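In what follows, a single structure is set out as structure tokens and then discussed.
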Amino acid sequence: MPKIIRIQDIAQHVGEEVTLQGWLYHRTDKGKLQFLRVRDGTGYAQCVVFKKDVSPEVFEAARSLTQESSLIVTGTVRQDARAPGLPGGHELSVTGLQVLQVAQDYPIQPKEHGVEFLMDHRHLWIRSQRQWAVLRVRATVIRAIRDWLDDHGFVNLDTPILTPAACEGTTTLFETDYFGTPAYLAQSGQLYNEANIYAFGRVYCFGPTFRAEKSKTRRHLTEFWMVEPEAAFCDLDQLMEIEEQFVSYIVQTCLRERAQELALLGRDTGHLEKVVPPFPRISYDEALEMLGEIREQTDDEELKGLLEIEWGEDFGSPHETELTKRFEKPVFVYGYPTRAKAFYMEPWPGRPEVSKSVDLLAPEGYGEIIGGSERISDPDLLLERLREWGLPREAFEWYIDLRRYGSVPHSGFGLGIERTVTWICGLDHLRETIPFPRMLKRVYP
RNA sequence: UCCUCGGUAGCUCAAUCUGGCAGAGCGGCCGGCUGUUAACCGGUUGGUUGCAGGUUCGAGUCCUGCCCGAGGAGCCA
């Protein structure tokens with residue numbers, strides 16, 4: 001039996017007789033000639049069946065193939081510029097074909113479909129080329145994240161998903177029954193990360209995160225993946241340096257290793273090539289000024305209304321979108337008002353109404369992909385904040401301990417995987433960046 | 001929770017404004033074609049018009065209520 005190869009390696013086997021194991025993606029019948037487009041998970045390759053080259057049984061078997069039928073096909077690899085596929089440029093001259101199963105009435109066609117139909121068939125939709133490409137970029141983003149952090153001294157220590165109380169006391173959490181007492185699905189591992197840095201210096205957790213917010217937009221999931229690095233002896237400036245190195249590495253790795261997928265998606269990679277350190281840094285106050293200018297310059301009354309903001313309020317999506325349109329690279333916005341952010345953020349020296357917080361906004365209108373800050377290191381200040389925020393001291397006793405035994409300046413951030421993949425792939429909705437998205441109106445399949 | 005848009009064949013849509021035989025393309029099936037790129041050509045198959053009620057000689061179309069979905073706001077990564 002000829003050697004079984006993967007389609008991604010097809011160019012290394014020109015002139016050899018090889019076997020592919022996969023599924024029929026598309027078939028064109030020209031009478032005495034058939035084009036089978038086969039996918040095997042690593043790529044897509046065209047297999048050509050000439051009636052004169054194969055037995056009548058093989059030719060008829062090929063004619064019986066429907067979309068998504070499973071098959072094992074053998075043939076000789078030939079270089080041909082006309083051959084479509086990924087990587088493409090090579091095709092198989094079929095000599096033998098074994099049909100494992102003829103699929104009946106596969107619902108998804110290679111044409112436009114509606115969102116609801118595709119989401120109902122997500123378990124099949126992920127076989128489609130665009131979805132395949134997006135999810136391969138996702139896998140590369142995840143590997144780049146782990147590689148960079150592992151190579152820069154961050155120890156991977158994952159934090160619990162079942163937690164006793166609200167981490168930040170703000171967003172709505174999913175409640176579960178934990179042997180008779182309520183427990184909540186984690187919205188962040190940050191507080192546990194802060195414990196871990198005192199044992200390991202630099203750490204990160206990477207896992208699913210849950211928000212029971214009734215958000216109904218293209219940038220929200222109820223279950224999403226977040227990587228949260230945290231570092232001891234790290235102030236806000238050092239944090240921004242880490243973030244820009246980290247994000248640049250992720251983007252450049254995708255450009256290098258997933259060029260084919262990004263091309264398939266029609267991504268203009270020129271934007272991504274500019275993502276190298278340093279990133280522009282503007283303060284919340286400067287951002288507010290820019291937003292004021294944008295409001296003055298626009299004639300769009302609706303936009304004027306959406307951009308209305310007073311000092312002290314956090315930015316909404318419209319603000320972020322307009323700000324990032326003014327930059328070619330991701331932009332840091334730092335120094336948000338204390339009352340707009342979480343209780344644990346270190347105050348700005350001499351300006352207690354401002355926090356040492358920083359968000360990283362992706363360009364081209366994609367908005368926030370990272371939120372981070374320097375954390376409060378003084379136990380008395382932390383106690384004061386817990387009181388001001390109305391949080392129960394008992395639940396945070398262990399967290400206060402961290403400031404009692406060798407407290408140091410420390411900082412960390414959380415990067416949303418799906419938003420990052422959405423930006424890198426140039427998509428308009430993040431639901432395609434995770435195999436099975438969980439959204440307000442979607443828990444099936 | 002609020003605002004806007006939508007629901008017609010397996011899929012994508014037309015017919016809705018101005019009530020009058022339920023339509024097309026794709027898919028499926030049959031036939032033709034040796035370079036197709038979501039092929040093309042001929043034939044054929046295909047309907048609880050989201051649900052319930054109302055107006056009317058007659059409702060996919062008008063009215064009322066409900067259900068479902070999408071986009072946006074808020075919240076956030």
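If you're wondering where the values come from, they're calculated on a predicted model, not measured in any experiment. Below, read A as the first sequence line, B as the second, and so on, with proteins coming before strands; counting in each chain starts at 1. Just so you know, these numbers use all the heavy atoms, side chains as well, and skip hydrogens, waters and symmetry mates.
- In this structure, A:Lys214 atom NZ and B:C76 atom P are separated by 18 Å, rounded to whole Å.
- Checked against B:C29, B:U36, B:A77, the side chain of A:Thr66 finds its nearest nucleotide in B:C29.
- In this entry the distance linking CG of A:Leu427 with P of B:A77 reads 21 Å, nearest Å.
- Atoms CD (A:Glu320) and C1' (B:A73) sit 14 Å apart, rounded to a whole Å.
- Pair check for B:U64 finds B:A52; Watson-Crick or G-U wobble, both atom distances under 3.5 Å.
- Nearest to the side-chain atoms of A:Asp80 among the listed nucleotides B:A70, B:G74, B:G35 stands B:G35.
- In this structure, the CG atom of A:Leu36 is 16 Å from the P atom of B:A38, given to the nearest Å.
- Within the nucleic acid shown, A:Gly114 comes within 4.0 Å of sugar-phosphate atoms alone, with no base atom in reach, counting heavy atoms only.
- The separation between A:Arg442 atom CZ and B:C68 atom C1' is 11 Å, rounded to whole Å.
- A cation-pi contact, defined as under 6.0 Å to the ring centre and within 45° of the axis, is absent between A:Lys329 and A:Phe279.
- Nucleotides B:C41 and B:C33 are separated by 9 Å at their C1' atoms, to the nearest Å.
- Of all nucleotides listed (B:U34, B:A73, B:U36), B:U34 comes nearest to the side chain of A:Leu33.
- Counting atom types as modelled, A:Arg63 pairs no side-chain N or O with a base atom of B:G31 as donor and acceptor under 3.5 Å.
- One C1' atom belongs to B:G7, the other to B:G50, and the distance between them is 6 Å to the nearest Å.
- In this structure, A:Tyr44 and A:Trp132 have perpendicular ring planes: the angle between them is above 60°, well past the 30° mark.
- The A:Glu112 side chain lies nearest to B:A38 when the options are B:U34, B:C33, B:A38.
- Nucleic acid contact class of A:Asp359 (heavy atoms, under 4.0 Å, all strands): none.
- A 3.5 Å limit on both hydrogen-bonding distances identifies B:C41 as the Watson-Crick or G-U partner of B:G31.
- Nucleic acid contact class of A:Gln109 (heavy atoms, under 4.0 Å, all strands): base.
- Not a single donor-acceptor contact under 3.5 angstrom links the side-chain atoms of A:Gln34 to the base of B:U36.
- Between the side chain of A:Gln104 and the base of B:G28 there is no donor-acceptor pair of N/O atoms closer than 3.5 Å.
- Look at the C1' atom in both B:C68 and B:A24: the space between them is 27 Å, to the nearest Å.
- With P as the reference atom, B:A77 and B:U8 are 38 Å apart, rounded to whole Å.
- Judged purely by atom type and a 3.5 angstrom limit, A:Glu320 uses its side chain to pair as donor or acceptor with the backbone of A:Glu368.
- Straight-line distance from the CG atom of A:Leu124 to the C1' atom of B:C11: 14 Å, rounded to whole Å.
- Here the nucleotide nearest the side chain of A:Glu213, chosen from B:A77, B:U12, B:C75, is B:C75.
- Residue A:Thr420 is out of contact with every strand shown, counting any heavy-atom pair closer than 4.0 Å.
- Nearest to the side-chain atoms of A:Glu91 among the listed nucleotides B:G74, B:G35, B:G28 stands B:G35.
- Put simply, the side chain of A:Thr253 never gets that close to the backbone of A:Ala144: no donor and acceptor are under 3.5 Å apart.
- You won't find any donor-acceptor pair under 3.5 Å spanning the side chain of A:Ser215 and the base of B:C76, going by distance alone.
- Note on ring orientation: taking the six-membered ring where Trp is involved, the planes of A:Trp148 and A:His152 are parallel (angle under 30°, cut-offs 30° and 60°).
- Relative orientation of the A:His121 and A:Phe117 rings is tilted, given thresholds of 30° and 60° on the angle between their planes.
- The shortest distance between the side-chain N/O atoms of A:Lys441 and the OP1/OP2 oxygens of B:G69 is below 4.0 Å.
- Judged by distance alone, with hydrogens and angles left aside, A:Lys216 brings a side-chain donor or acceptor within reach of the base of B:A70, the pair sitting under 3.5 Å.
- B:G47 makes up no base pair with any nucleotide shown, lacking Watson-Crick or G-U wobble contacts both under 3.5 Å.
- Comparing B:G35, B:A77, B:A38 by their closest approach to the side chain of A:Pro110 singles out B:A38.
- Proximity note for A:Gln46 (side chain, C-beta onward) versus B:C75, B:U36, B:G74: the nearest is B:U36.
- Residue side chain A:Arg419 reaches the base of B:C76 through a donor-acceptor N/O pair under 3.5 Å, judged by distance alone.
- Smallest separation of non-hydrogen atoms from A:Glu418 and A:Arg138: OE2-NH1, 2.9 Å.
- If you take NZ of A:Lys32 and P of B:C33, they are 5 Å apart, rounded to a whole angstrom.
- Across all strands shown, the partner of B:G69 is B:C5, judged by Watson-Crick or G-U wobble contacts whose two distances both fall under 3.5 Å.
- The shortest distance between the side-chain N/O atoms of A:Arg431 and the OP1/OP2 oxygens of B:G71 is below 4.0 Å.
- Going from atom OH of A:Tyr44 over to atom P of B:A38 covers 13 Å, rounded to whole Å.
- Going from the P atom of B:G65 to that of B:G19 covers 22 Å, rounded to whole Å.
- An aromatic stack links A:Phe224 and the base of B:A77, using centre distance under 5.5 Å and interplanar angle under 30°.
- Ring pair A:Trp348/A:Tyr334 is parallel by interplanar angle, where below 30° counts as parallel and above 60° as perpendicular.
- As judged by a 4.0 angstrom heavy-atom cut-off over every strand, A:Arg78 is placed among the base-contacting residues.
- Remark: the A:His113 side chain and the B:C11 base include no donor-acceptor N/O pair separated by less than 3.5 Å.
- A:Pro84 comes within 4.0 angstrom of a nucleotide base, judged by non-hydrogen atoms across all strands.
- With C1' as the reference atom, B:G69 and B:G32 are 43 Å apart, rounded to whole Å.
- Nucleic acid contact class of A:Ile370 (heavy atoms, under 4.0 Å, all strands): sugar-phosphate only.
- Of the candidates B:C75, B:A73, B:U36, the closest approach to any side-chain atom of A:Leu306 belongs to B:A73.
- Ranked by how close their nearest RNA chain B nucleotide is to the 5' end, A:Thr28 and A:Asp428 are led by A:Thr28.
- Between B:G71 and A:His429, a contact under 4.0 Å exists linking OP1 or OP2 to a side-chain N or O.
- To the nearest whole angstrom, the two P atoms, one in B:U55 and one in B:U61, are 15 Å apart.
- At the heavy-atom level, A:Gln67 lies nowhere under 4.0 Å from the strands shown.
- Each of A:Leu221 and A:Gly316 was assigned the nucleotide of RNA chain B with the nearest heavy atom; the assignment lying further toward the 5' end belongs to A:Gly316.
- Using modelled atom types, no side-chain atom of A:Arg37 and backbone atom of A:Gly85 make a donor-acceptor pair closer than 3.5 Å.
- Of all nucleotides present, none satisfies the Watson-Crick or G-U wobble test against B:U16 with each distance under 3.5 Å.
- Ring-centre distance between A:Phe59 and A:Phe50: not below the 6.0 Å cut-off.
- Remark: B:C76 base-pairs with no nucleotide in the shown strands. Criterion, Watson-Crick or G-U wobble with two distances under 3.5 Å.
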